[in-house]
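One structure below.
Hydrogens, waters and symmetry mates play no part in the numbers below; they use all other heavy atoms, side chains included. Sequential numbering from 1 along the given sequence is applied to the chain's residues.
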Amino acid sequence: MTLYLMVVLSNPSAGRDDDFNTWYDEQHLTEILAVDGFVAAQRYRLASEQSGPHQYLAIYEVETDDLAHARRALTEAVQAGRVGLTDALDGTTVASFYFEPIGARQTV
């Protein structure tokens, strides 16, 4: 199986940081990880010494031989309400991408 990464960049709605983080940590990650092929997730916040268009990053590990199937499974889970969204998420700023490995993982 291939291990893909789904990278999601996002922001909370204005003044909704606490609601956004609670939803993400206590609901959203669990719902995503219940989707076939999604095996791990970790969230990040932009380091304080930087500024940019996105404050938050989520990286999901997707283990599958069929990325199109995993992507469809996620879309179907959202459409069926098994993966919910919140108005604490600024939907106008969300960007998501899937990445596939192109070389061996290297470590020190």
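Linking Ile, Leu, Val, Met, Phe, Trp and Tyr residues whenever their side-chain heavy atoms come within less than 4.5 Å leaves V94 and L46 in two separate clusters. Note on W23 and L9: separate hydrophobic clusters, where clusters join Ile, Leu, Val, Met, Phe, Trp and Tyr whose side-chain heavy atoms are under 4.5 Å apart, directly or indirectly.
Atom CZ of R72 sits about 9.5 Å away from atom CG of L67, to the nearest 0.5 Å.
Scanning for side-chain contact (heavy atoms from CB on, under 4.5 Å) contacts around E61 gives L3, L5, V39, A40, with sequence neighbours left out.
Annotation for L74 and I32: closest pair CD1-CD1, 3.5 Å, computed over non-hydrogen atoms. The nearest pair of heavy atoms linking Q55 to P12 is OE1-CD, 3.1 Å. A pairwise comparison of heavy atoms in N11 and P53 identifies ND2-O, 2.9 Å as the closest pair.
You'll find the side chain of L29 reaches within 4.5 Å of the side chain of Y60, heavy atoms only. Between N21 and R43, the closest side-chain pair of non-hydrogen atoms falls below 4.5 Å. Side-chain atoms of S10 and L89, non-hydrogen and from C-beta on, do get closer than 4.5 Å to each other.
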side-chain contact (heavy atoms from CB on, under 4.5 Å) evaluation trace for L57 with V8
CA-CA 6 Å; L57 163 71; V8 179; over 6 Å; no
Evaluate L33 against T30 for side-chain contact (heavy atoms from CB on, under 4.5 Å), listing each step before the verdict.
CA-CA 5 Å; L33 292 176; T30 302; 6.0 Å; no
In sequence, state the C-alpha distance, the side-chain angles, and the governing distance for H28 and V83, and then conclude on side-chain contact (heavy atoms from CB on, under 4.5 Å).
CA-CA 7 Å; H28 194 61; V83 173; 3.6 Å; yes
Hey, can you pull the donor-acceptor pairs under 3.5 Å for the side chains in residues 95-108, sequence neighbours left out?
none

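Sorted by first then second residue, the ring-ring contact (aromatic ring centres under 6.0 Å, His included) pairs that include residues 38-58, not counting sequence neighbours, are F20-Y56.
Taking the charged nitrogens against the carboxylate oxygens, D90 and R16 have no contact shorter than 4.0 Å, which rules out a salt bridge.
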